[in-house]
Amino acid sequence: MDKSADRNARKRNRDLPAVAANGLIDRRTLLGRGVILAGAMGTGVGSSAAAAEPLTDDPWSLEIGEATVPYQARSKFEAKVVRTLSNPNNEPRNSHARTPHHQLEGTTTPNGLHFTINHGGIPAIDPEKHRLVIHGLVKQPLEFSLESLSRYPQVSRVTFLECGGNSAPMFSPEPMQVTVQALHGLASSAEWTGVRLSTLLEETGVDPKAKWLIAEGADSPHLSRSVPVKKALDDAMIALYQNGERLMPGNGYPMRLLLPGYEGNMNVKFLRRIKLVEQPQMSLYESRTYSQILPDGKAYRFYFLQEVKSFITSPSHGMALRGPGLYEISGIAYSGTGPIEKVMVSADGGKSWAQAALQEPVLSKAFTRFRMPWHWDGGPATLQSRAWDEAGNVQPTRAEFIALRGELAKPPPILSFPNQHNNSITSWGVATSGE
Ligand SMILES: Nc1nc2c(c(=O)[nH]1)N[C@H]1C(S)=C(S)[C@@H](COP(=O)(O)O)O[C@H]1N2
Ligand SMILES: [Mo]
């Protein structure tokens with residue numbers, strides 16, 4: 001960009017309508033008013049002026065390319081975009097893989113990067129032999145194979161999945177200096193296709209006495225959870241496909257229970273059994289691990305909902321801004337209750353706020369991408385986002401959340417994992433260095 005074009009861009013950007021302190025700019029400027037974003041601002045990075053002479057040919061333009069393979073993998077130049085693992089050697093305990101939100105865009109988590117938690121490894125299930133049984137308080141117990149399930153009407157649903165333990169580092173009394181992947185990587189979003197559970201329960205018939213069902217997996221821990229029949233008849237499904245292809249092995253191949261908006265753990269993978277019952281079973285994962293202990297020593301009996309939440313993915317920890325100029329703040333918002341209504345963004349640690357643009361489509365219980373133009377003047381800034389859902393729920397500040405739920409328990413209690421369901425606001429500090 002030559003000097004005068006650069007000057008013009010700077011002037012145009014200065015004239016952009018500010019909507020909150022520390023450089024936040026009206027979101028409507030994103031909608032085609034020609035914001036000149038960072039990099040084109042004459043700092044010598046990002047886009048640069050095209051030279052007048054014709055393009056030269058690089059080696060890859062001068063020979064026949066690689067063979068086309070039956071199942072393609074991404075470019076080798078993307079090899080660093082990976083999940084982080086908690087148990088790479090498969091020791092006999094649980095394994096986590098976290099989604100790299102800071103390296104992804106849009107709202108769909110690619111299947112290879114969907115987060116996963118497996119409490120006893122990933123079973124190698126033969127899809128021909130796998131069966132799902134629905135029994136208990138039903139009129140007619142039934143057994144389904146993968147093939148018989150495919151004869152029922154299929155539905156697709158885009159929904160997020162989040163572990164109740166996602167964002168647990170936010171309970172720390174000291175601010176954690178970690179990436180968005182380490183903080184919030186136990187949440188992902190995909191399009192799931194399969195059969196509504198209500199369709200199958202119509203086939204079996206449900207005894208009016210049945211108020212709960214127990215869902216059980218075919219992996220070695222036989223993970224099982226109690227689910228209210230009301231949820232089963234609402235929007236629960238047996239998912240067979242993930243973003244158009246069969247479920248990934250770690251995400252429940254060949255079939256899983258999907259409970260949109262409910263705690264990840266209840267979405268039982270490798271699903272082999274659904275038993276209709278009168279009372280919840282009080283299994284390990286609902287009485288110990290995911291029952292939230294409160295500061296007064298009492299506990300929530302059940303905690304199913306993943307509440308309204310948002311976090312900024314760019315810029316975020318580990319990235320560096322390359323000099324003052326215009327940037328786009330962008331992130332993800334979602335709520336287990338329904339669609340996102342709005343997201344507010346602050347660049348001054350929550351003193352002033354401005355409304356972000358929501359990227360279409362805004363789907364119920366799915367990741368929603370928000371965007372906010374920001375003019376960074378090179379000074380210190382604290383970036384935050386705060387989401388509202390259509391039901392009127394608002395994401396709490398960290399102080400509000402901690403007042404209700406307490407900080408990290410020390411020493412950690414033996415009988416419970418108390419640090420669950422943290423949906424409070426994340427802050428990213430930006431130093432004058434741009435880091
Ligand atoms: N059968 C079975 N189901 C399971 C698990 C498991 O280990 N076994 N992990 C649970 C937990 S703790 C979570 S958070 C979600 C994670 O789903 P994902 O691995 O597809 O992301 O699956 C749940 N369902
Ligand atoms: Mo979980």
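All ligand and atom numbering here is 1-based and tracks the order in the structure.
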A.B. asks: If we ignore angles and hydrogens, is there a donor and acceptor under 3.5 Å between the side chains of D389 and S335?
C.D. replies: yes
A.B. asks: Identify, for atom 2 (C) of ligand 1, the protein heavy atom at the shortest distance, and state residue, atom and that distance.
C.D. replies: D219 OD2, 3.3 Å
A.B. asks: Decide yes or no on salt bridge (charged side-chain N to carboxylate O under 4.0 Å, His left out) for E328 and R371, but give the supporting numbers first.
C.D. replies: CA-CA 7 Å; E328 185 184 78; R371 302 184 187 281; 2.8 Å; yes
A.B. asks: With respect to F115, determine whether any N or O atom, backbone or side chain, lies less than 3.5 Å from an N or O atom of ligand 1.
C.D. replies: yes
A.B. asks: Determine, considering heavy atoms only, which of G217, S224, G264 sits nearest to atom 15 (C) of ligand 1.
C.D. replies: G264
A.B. asks: Does the side chain of E400 pick up a donor-acceptor pair with the side chain of S424 at under 3.5 Å?
C.D. replies: no
A.B. asks: Within the 4.5 Å heavy-atom criterion, are M266 and V227 side-chain neighbours or not?
C.D. replies: yes
A.B. asks: What atoms of ligand 1 come within less than 4.0 Å of a heavy atom belonging to G250?
C.D. replies: 19 (O)
A.B. asks: In the protein, which heavy atom is nearest to atom 7 (O) of ligand 1, and how far is it?
C.D. replies: H119 N, 2.8 Å
A.B. asks: Give the numbers and elements of all ligand 1 atoms closer than 4.0 Å to a heavy atom of C163.
C.D. replies: 14 (S)
A.B. asks: What protein heavy atom lies closest to atom 11 (C) of ligand 1? Include the residue and the distance to one decimal.
C.D. replies: N265 CA, 3.6 Å
A.B. asks: In the protein, which heavy atom is nearest to atom 4 (C) of ligand 1, and how far is it?
C.D. replies: K269 CE, 3.6 Å
A.B. asks: To check your reading of the model: name the closest protein heavy atom to atom 17 (O) of ligand 1, its residue, and the distance in Å.
C.D. replies: R256 NH2, 3.1 Å
A.B. asks: Starting from atom 18 (P) of ligand 1, find the nearest protein heavy-atom neighbour and note its residue, name and distance.
C.D. replies: N251 ND2, 3.4 Å
A.B. asks: I would like to know whether H184 and T426 meet side chain to side chain donor-acceptor pair (under 3.5 Å); could you show each step before the answer?
C.D. replies: CA-CA 10 Å; H184 304 305; T426 301; 2.8 Å; yes
A.B. asks: Evaluate the side chain to side chain donor-acceptor pair (under 3.5 Å) criterion for residues Q154 and T193: first the C-alpha distance (whole Å), next the side-chain angles of each, then the deciding distance (0.1 Å), finally the verdict.
C.D. replies: CA-CA 7 Å; Q154 308 289 307; T193 302; over 6 Å; no
A.B. asks: Flag E162 as yes when one of its N or O atoms lies below 3.5 Å from any N or O atom of ligand 1, and as no otherwise.
C.D. replies: no
A.B. asks: Polar contacts were defined as any N/O atom of the residue lying under 3.5 Å from an N/O atom of the ligand; does this apply to L223 and ligand 1?
C.D. replies: no
A.B. asks: In ligand 1, which numbered atoms sit nearer than 4.0 Å to a non-hydrogen atom of N118?
C.D. replies: 7 (O)
A.B. asks: To which protein heavy atom is atom 24 (N) of ligand 1 closest, and what is the distance rounded to 0.1 Å?
C.D. replies: N267 O, 3.2 Å
A.B. asks: Test salt bridge (charged side-chain N to carboxylate O under 4.0 Å, His left out) on R369 and E105 and set out the steps.
C.D. replies: CA-CA 9 Å; R369 177 65 61 176; E105 252 298 346; 3.6 Å; yes
A.B. asks: Only one of T108, L104, T109, I340 clears side chain to side chain contact (heavy atoms under 4.5 Å, CB included) with F367; which?
C.D. replies: T109
A.B. asks: Could you check atom 9 (N) of ligand 1 against the protein and tell me its nearest heavy-atom contact, residue, atom and distance included?
C.D. replies: I117 O, 3.1 Å
A.B. asks: If you count the atoms of ligand 1 from 1 in the order shown, which ones are under 4.0 Å from a heavy atom of H114?
C.D. replies: 21 (O)
A.B. asks: Can you check whether M248's main-chain N or O pairs, donor with acceptor, with N251's side chain at less than 3.5 Å?
C.D. replies: no
A.B. asks: Can a donor-acceptor pair be found between the side chains of N265 and R225 at a distance below 3.5 Å?
C.D. replies: yes
